[in-house]
Amino acid sequence: MKKYISGIISGILAGVINCLFLLFAQDLEITVFISTFVIWVVTGLLISSVDFNVNGILKGIIVSVLVSMSSLIYTFSSTIIGGIWTLITTIMVGAFMGYIVQKVNEK
């Protein structure tokens, strides 16, 4: 149970971090912030429950990129800069989440 709670908490932290990044974008509706927050909480739960035989950082990157793939495709189709920014933040935040989940579960 501890690993799922660590995944949800890391997802909440990641959702807040990613929503802070979105504050720099212009003309976003509140639904974008809510959707972003929810998807990161779900990603945290998936990172904590997936059993890949890799370290936590790589597991976080793999799961976060796979979960965000549809929004990455949509973002790249509308703007390349936005797509690159989304991919970079997805990798950074996913690695952060994987690290947190791994460290909490080791104790």
A.B. asks: Between Ser64 and Ile61 (side chain of the first, backbone of the second, donor and acceptor by atom type, cut-off under 3.5 Å), is there such a pair?
C.D. replies: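 Checking the backbone N and O of Ile61 against the side chain of Ser64, a donor-acceptor pair under 3.5 Å is found.
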A.B. asks: Quick one: does Tyr99's side chain get under 4.5 Å of Asn55's, heavy atoms only?
C.D. replies: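 They are not in contact (no side-chain heavy atoms under 4.5 Å apart), so the answer is no.
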A.B. asks: Return the minimal non-hydrogen interatomic distance between Thr86 and Thr89, and the atom names on each side.
C.D. replies: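 For Thr86 and Thr89, the tightest heavy-atom pair comes out as O-OG1, 3.0 Å.
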A.B. asks: I'd like to know if the side chain of Lys3 reaches the main chain of Val101, judged simply by a donor and an acceptor atom lying under 3.5 Å from each other, with no hydrogens or angles considered.
C.D. replies: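 Not confirmed, Lys3 side chain does not pair with Val101 backbone.
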A.B. asks: Measure across Gly60 and Ile47 and return the closest heavy-atom pair with its distance rounded to 0.1 Å.
C.D. replies: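 Looking at all heavy atoms of both residues, the shortest contact is CA-CD1, 3.7 Å.
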A.B. asks: According to side-chain contact (heavy atoms from CB on, under 4.5 Å), who are the partners of Val67, at least two apart in sequence or on a separate chain?
C.D. replies: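 Residues passing side-chain contact (heavy atoms from CB on, under 4.5 Å) with Val67: Ile39, Thr43, Leu46, Val63.
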A.B. asks: Please report the closest heavy-atom contact between Ile100 and Ser10, naming both atoms and the distance.
C.D. replies: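 Nearest pair, atom of Ile100 first, then Ser10: CG2-CB, 4.0 Å.
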A.B. asks: Heavy atoms only: give me the nearest Ala95-Ile57 pair and the separation to one decimal.
C.D. replies: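 What the structure gives for the nearest pair is CB-CG2, 3.6 Å.
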A.B. asks: side-chain contact (heavy atoms from CB on, under 4.5 Å) with Ile81: which residues, sequence neighbours excluded?
C.D. replies: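 Ile81: side-chain contact (heavy atoms from CB on, under 4.5 Å) contacts with Thr79.
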A.B. asks: Applying side-chain contact (heavy atoms from CB on, under 4.5 Å), can you list everything that pairs with Leu45, at least two apart in sequence or on another chain?
C.D. replies: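 Partners of Leu45 under the side-chain contact (heavy atoms from CB on, under 4.5 Å) test: Tyr4, Ile8, Ser48.
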A.B. asks: Return the minimal non-hydrogen interatomic distance between Leu72 and Gly83, and the atom names on each side.
C.D. replies: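 For Leu72 versus Gly83, the nearest heavy atoms are CD2-O, 4.2 Å.
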A.B. asks: Is it the case that one hydrophobic cluster holds both Phe24 and Val93, taking links as side-chain heavy atoms less than 4.5 Å apart, direct or via other members?
C.D. replies: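 Per the 4.5 Å side-chain linkage, Phe24 and Val93 are not co-clustered.
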A.B. asks: What's the separation between atom CD1 in Ile17 and atom CD1 in Ile12, rounded to the nearest 0.5 Å?
C.D. replies: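 That separation rounds to 12.0 Å.
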A.B. asks: Could I get the full list of side-chain contact (heavy atoms from CB on, under 4.5 Å) partners for Thr36, not counting sequence neighbours?
C.D. replies: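 For Thr36 the side-chain contact (heavy atoms from CB on, under 4.5 Å) partners, ignoring immediate neighbours, are Asn18, Cys19, Leu22, Val32, Trp40.
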A.B. asks: Could you report the tightest heavy-atom contact between Thr75 and Ser71, atom names first, then the distance?
C.D. replies: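 Shortest heavy-atom contact: OG1-O, 2.7 Å.
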A.B. asks: Scan for ring pair (Phe, Tyr, Trp, His ring centres under 6.0 Å) pairs involving residues 46-98, sequence neighbours excluded, and state none if there are none.
C.D. replies: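 Non-adjacent pairs meeting ring pair (Phe, Tyr, Trp, His ring centres under 6.0 Å): Phe21-Trp85.
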A.B. asks: Check the pair Val38 / Val41 against side chain to side chain contact (heavy atoms under 4.5 Å, CB included), numbers first and verdict last.
C.D. replies: CA-CA 5 Å; Val38 169; Val41 173; 5.8 Å; no
